[in-house]
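This report refers to the structure that appears directly beneath it.
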Amino acid sequence: MTDRAAAADTATAPAYAAGGRPAPVIETRGLTKRFRGGQVAVDGLDLTVPGGSVFGFLGPNGSGKTTTIRMLMGLIDPTSGTATVLGRPMPQASRTVLPEVGALIEGPALYGYLSGRDNLVRFDRADPTADPRTRAARIAHALERVGLAAASAKKAKAYSLGMKQRLGLAAALLRPRRLLVLDEPTNGLDPQGMREIRSLVRELAAEGTTVFLSSHLLDEIEQVCTHAAVMARGRLLVQGPVAELAASARGRLTVTTPDPGEAARILKEHGLGGVSVDGDRLTADAPPAAVELADLNAALVGGGVRVRSFGIEGGSLEDAFVALTGEGFDVAG
Ligand SMILES: Nc1ncnc2c1ncn2[C@@H]1O[C@H](COP(=O)(O)OP(=O)(O)OP(=O)(O)O)[C@@H](O)[C@H]1O
Ligand SMILES: [Mg+2]
């Protein structure tokens, strides 16, 4: 575990910060939050979110995602370190930065006795830059986008968790934003609702909005995000383009055979590590690039092993995560 952690530490430098790319929309340096009572929720975070990205902020429960987002939005002060959002320091520049940022953070504050639509009227009225003459159209459009048009007259207290999430998202979409910060936006949504939010996020990104969203669902991040960062226990394990992160996880050689013992012996002889057998299925660390897979297969067959299937499996973001943390993703930090 300790050498894994050390290896992960060296991987935190953003690979994509080279010149010629858009300026970062969010950047933190050494961002740290220690709560009263001594718990370090966020520990020396160096995060770089490129402009125009859909950035997935991944981590198991309690890994510090919401705490980070609350610092980025100026809702709580960091214990140490710095954060800039849209190029300006937070929380100092909250008044100029926040109108350009749409945020949905853990359970939006709604007025239960008001309808969904009237909740949006209140949010819109609270925005001094919002033109009252176009209010109704703006609200109708936001309700439409999040799929709440039909339920807009219902009181918010009668909304399901997923409907409340949608209403919070609608509030974040009332005006065009340069940045959307969404904390677990699909929390409480059914699979169809999750798909709708994913396509909405893609649509917003296509319009040029940078979207920063937290999630503990790896496949969700893989489906919608261009970039991702992985947190565990308050620390950043890795960040970068999703394609690079997934590719960095070398898959495992997987062989199915009725002769797994003999196959294991031969593969070990050929220098493969991490060999393990489960029934008729054998897996091993993927061989180095210099080793030709066909040669390994031939060695098995030549040694009398009856091979049913042979190949490299995996190489997903989930594999990358497991390789980094040495544990399943859903294990809390
Ligand atoms: N106000 C607080 N006071 C003390 N500890 C806190 C406070 N808020 C959060 N924490 C602790 O900080 C750690 C990180 O919490 P945080 O809410 O940021 O995690 P998270 O990644 O958002 O988790 P989840 O996926 O469950 O939403 C947790 O151990 C949590 O108990
Ligand atoms: Mg959270």
Side-chain angles (χ1 to χ4, degrees), residues 5 8 12 26 28-49 54-83 85 90-91 101-110 161-162 164-169 171-172 179-189 193-194 197-198 201 211-225 227-239 242 245 317-318 320-322 324-333:
T12 55
I26 297 172
T28 72
R29 288 295 169 260
L31 193 67
T32 298
K33 181 67 185 184
R34 182 187 295 274
F35 284 109
R36 248 179 250 130
Q39 165 145 28
V40 182
V42 177
D43 191 359
L45 182 62
D46 294 339
L47 197 65
T48 305
V49 177
V54 178
F55 196 101
F57 195 38
L58 260 168
N61 294 137
S63 55
K65 303 181 298 291
T66 299
T67 304
T68 301
I69 288 173
R70 289 172 72 206
M71 288 192 278
L72 292 173
M73 296 294 98
L75 298 172
I76 53 172
D77 290 331
T79 309
S80 59
T82 60
V85 175
M90 291 299 284
V101 182
L104 173 66
I105 305 175
E106 272 191 0
L110 302 171
L161 177 58
K164 286 179 182 149
Q165 283 288 96
R166 289 168 189 253
L167 188 57
L169 197 52
L179 170 65
L180 273 180
V181 176
L182 310 175
D183 192 11
E184 309 262 2
T186 58
N187 200 16
L189 293 174
M194 289 169 123
I197 297 300
R198 281 199 293 270
V201 164
V211 184
F212 181 82
L213 66 99
S214 78
S215 179
H216 57 273
L217 304 174
L218 282 157
D219 59 336
E220 176 163 288
I221 298 278
E222 253 181 329
Q223 284 179 48
V224 80
C225 295
H227 294 69
V230 179
M231 296 283 286
R233 298 182 200 86
R235 307 194 73 181
L236 181 67
L237 296 182
V238 70
Q239 66 181 327
V242 166
L245 296 179
L317 201 54
E318 178 155 21
F321 182 85
V322 172
L324 279 166
T325 62
E327 63 190 37
F329 185 72
D330 287 327
V331 177

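Remember, it's 1-based here, ligands and their atoms both numbered in the order they're listed.
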Among protein heavy atoms, which lies nearest atom 17 (O) of ligand 1, and at what distance? Thr66 CB, 3.7 Å
In ligand 1, which numbered atoms sit nearer than 4.0 Å to a non-hydrogen atom of Ser63? 19 (O), 20 (P), 21 (O)
Just which atoms of ligand 1 are under 4.0 Å from any heavy atom in Glu184? 25 (O)
Of Arg70, Lys65, Arg34, Met71, which has the heavy atom at the shortest distance from atom 21 (O) of ligand 1? Lys65
Take the angle between the ring planes of Phe55 and Phe212 and call it parallel below 30°, perpendicular above 60°, tilted in between. parallel
Taking the side chain as every heavy atom from C-beta outward, state whether Leu180 and Val201 have any atom pair closer than 4.5 Å. no
Heavy-atom nearest neighbour in the protein, as seen from atom 14 (C) of ligand 1, with distance rounded to 0.1 Å: Gly62 O, 3.4 Å
Students should be able to answer this: which protein heavy-atom is nearest to atom 15 (O) of ligand 1, and at what distance? Thr67 OG1, 3.7 Å
Where is the nearest protein heavy atom to atom 27 (O) of ligand 1: which residue, which atom, and how far? Glu106 OE2, 3.2 Å
Say you draw a straight line from NZ of Lys33 to CD1 of Ile76; how long is it, rounded to the nearest 0.5 Å? 4.5 Å
Sequence-distant partners of Glu184, side-chain hydrogen bond (donor to acceptor under 3.5 Å, both in side chains), two or more places apart: His216
What is the closest protein heavy atom to atom 1 (N) of ligand 1, and at what distance does it sit? Phe35 CE2, 3.5 Å
Are any of the side-chain heavy atoms of Glu222 and Leu217 separated by less than 4.5 Å? no
NZ of Lys164 to CG of Leu169: how many Å apart, nearest 0.5 Å? 16.0 Å
A side-chain contact here means heavy atoms from C-beta on lying under 4.5 Å apart; do Leu213 and Ile221 qualify? yes
Closest to atom 19 (O) of ligand 1 by heavy-atom distance, out of Ser214, Ala232, Gly64, is Gly64
Answer whether the closest heavy-atom distance between the side chains of Phe35 and Thr67 falls below 4.5 Å. yes
The protein heavy atom nearest to atom 12 (O) of ligand 1 is Ala41 CB, 3.1 Å
Please report the shortest heavy-atom distance between Leu161 and Gly188, naming the atom on each side. CD2-CA, 3.6 Å
Considering only the protein, which heavy-atom contact is closest to atom 29 (O) of ligand 1, and what is its distance? Gln39 NE2, 2.9 Å
In the protein, which heavy atom is nearest to atom 26 (O) of ligand 1, and how far is it? Asn61 ND2, 3.1 Å
Look up atom NZ in Lys65 and atom OG in Ser215, then write down how far apart they are to the nearest 0.5 Å. 8.0 Å
Within less than 2.8 Å of the Mg ion (ligand 2), the count of protein N, O or S atoms comes to 2
State, with a plain yes or no, whether a side-chain heavy atom of Ile197 is found less than 4.5 Å away from one of Leu189. yes
